[in-house]
Amino acid sequence: MARINNHLVIMAGGVGSRFWPMSTAEHPKQFIDVLGIGKSLLQLTVERFESICDPKNVWVVTNKKYADIVHEQLPDMPVSNILCEPCRRNTAPCIAYVSWRIKSKDPKANIVVSPSDHVVMDVAEFRRIITDCLKFTADSDAIVTLGMKPTRPETGYGYIQADLSANSLRNKGIFRVDSFREKPDLETARQYISKNNYFWNAGIFVWNVSTIVNAFRIYQPQMAKIFESMLPIYDTEKEQEAVDQLFPECENISVDYAIMEKADEIFVCPANFGWSDLGTWGSLQEQSKKDLSGNALIGNNISLYESYNCIVHTAQEKKVVIQGLDGYIIAENNDTLLICKLSEEQRIKQFSGES
């Protein structure tokens with residue numbers, strides 16, 4: 001496998017405010033130092049692929065209004081590799097656009113697609129898994145998705161049901177997918193994790209560019225026609241104008257519905273490298289180092305007394321003293337301070353006033 005043909009696609013167009021007041025619609029979580037280590041989640045995503053993919057083969061698909069932030073945070077990446085969506089159309093149009101764009105430059109491309117705002121604790125194991133998957137897809141028509149070994153009956157993730165009796169002859173750690181399952185209720189999630197062949201769908205995909213382009217031609221012909229028509233103008237000054245005009249015509253659909261649930265050669269690679277989508281303050285607390293009282297502290301000047309199971313994110317240089325809280329989120333950013341029960345964090349969007 002030639003590393004020169006490895007490409008990384010990062011989907012970074014999300015506008016969520018899950019980590020308000022840190023994260024806002026103007027500055028969403030992928031661009032923020034959520035973990036308090038001096039790097040944004042986007043920067044950490046690129047860093048994970050340093051030994052796998054050359055910076056010139058890193059692509060970011062994002063909302064137009066975030067293009068400057070992406071360039072600022074990833075200065076080694078070519079500006080022309082920042083692809084700007086004029087509107088939100090879910091993951092299938094995003095992936096179709098960047099796939100045709102890469103194909104126009106490198107017809108032998110082997111691609112990993114990754115969200116921009118997830119966290120991985122065991123980077124060495126992550127790189128081993130990704131490298132194995134790239135070897136698997138380089139000269140085949142296989143589509144591989146990563147399946148995370150579940151650690152709890154999570155209702156916030158989709159699941160992948162694997163056929164563990166049918167592993168690939170070329171890689172005994174990769175198996176055929178039986179089915180994709182929607183986010184379950186709690187009882188169904190408990191049933192899933194009681195078995196050994198259900199995995200969380202992490203939204204990380206591996207394929208070669210010919211495979212994914214052909215899949216769109218077969219299963220999403222209208223979408224394929226749009227991006228095929230742009231082949232003569234990719235990497236010219238006419239590209240953005242055409243995207244602005246044609247992208248809104250795409251169906252608003254996820255790649256799971258558009259391709260994954262229809263294609264034949266779908267495989268899953270079970271993995272366990274300390275993954276989280278950091279979808280909630282609770283998940284950030286779970287992934288963070290905690291003191292003996294279960295508190296996760298992100299900031300340089302925090303003192304807790306008689307407090308338990310809290311997540312405190314105060315990265316600015318203010319002294320923070322907390323006494324007598326159990327199970328709370330305490331977070332500040334600029335002129336906003338949030339104090340909220342972890343058990344009530346689903347109401348934060350309501351509190352924030354963010355759309």
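Since this is a predicted model, take the numbers as computed values, not measurements. For this chain, numbers begin at 1 and follow the sequence in order. These values consider heavy atoms only, across backbone and side chains, with no hydrogens, waters or symmetry-generated copies.
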Determine whether a donor-acceptor pair (N or O, by modelled atom type, separation under 3.5 Å) exists between the side chain of [X] and the backbone of [Y].
X    : Y    : result
S99  : I95  : yes
T45  : S116 : yes
N295 : C310 : yes
R3   : S51  : yes
S307 : L304 : no
T211 : I143 : no
D76  : P55  : no
K290 : S288 : yes
N63  : Y66  : no

What is the distance from atom [atom1] of [X] to atom [atom2] of [Y], rounded to the nearest 0.5 Å?
X    : Y    : atom1 : atom2 : answer
I129 : F273 : CD1   : CZ    : 7.0 Å
H7   : N57  : NE2   : CG    : 4.0 Å
N6   : K108 : CG    : NZ    : 13.5 Å
L41  : S23  : CG    : OG    : 9.5 Å
L44  : H118 : CG    : NE2   : 13.0 Å
M260 : T145 : CE    : OG1   : 4.5 Å

Exercise. Would the number of heavy atoms belonging to other residues, nucleotides or ligands and lying under 6.0 Å from NZ of K65 be above 12?
Worked result: yes
Exercise. Can you tell me if CG on D68 sees more than 12 non-hydrogen neighbours from other groups inside 6.0 Å?
Worked result: no
[X] bridged to [Y] by N-O distance under 4.0 Å:
X    : Y    : value
E125 : R128 : yes
E286 : R152 : yes
R217 : E228 : yes
D117 : K29  : yes

Residue pair [X] / [Y], side-chain heavy-atom distance below 4.5 Å:
X    : Y    : value
I226 : C250 : yes
V58  : C53  : yes
L74  : V60  : yes

Exercise. Are the ring centres of Y157 and W275 closer than 6.0 Å?
Worked result: yes
Problem set entry | Between Y234 and F227, ring centroids under 6.0 Å | no
Is it true that [X] and [Y] fall in one hydrophobic cluster, defined by side-chain heavy atoms closer than 4.5 Å?
X    : Y    : value
I259 : I102 : yes
I37  : I298 : yes
V9   : V206 : no

Exercise. Using the ring of each side chain (for Trp, its six-membered ring), is F205 parallel, tilted or perpendicular to W207, with breaks at 30° and 60°?
Worked result: parallel
For this session: For the residue pair W200 and Y159, categorise the inter-ring angle as parallel (less than 30°), tilted (30 to 60°) or perpendicular (more than 60°).
Result: perpendicular
Problem set entry | Test side chain to side chain contact (heavy atoms under 4.5 Å, CB included) applied to L42 and I10, step by step | CA-CA 8 Å; L42 173 64; I10 302 174; 3.9 Å; yes
Without hydrogens or angle criteria, can the side chains of [X] and [Y] be said to hold a donor-acceptor pair below 3.5 Å?
X    : Y    : result
S104 : D235 : no
N110 : N208 : no
T336 : N333 : no
R181 : S179 : yes
N5   : D106 : yes

For this session: May I have all residue pairs that pass salt bridge (Lys or Arg N to Asp or Glu O under 4.0 Å) and include part of residues 46-63, sequence neighbours excluded?
Result: K39-E47
For this session: Could you go through the side chain to side chain contact (heavy atoms under 4.5 Å, CB included) check for E239 and L83 one step at a time?
Result: CA-CA 10 Å; E239 178 181 340; L83 305 187; 4.0 Å; yes
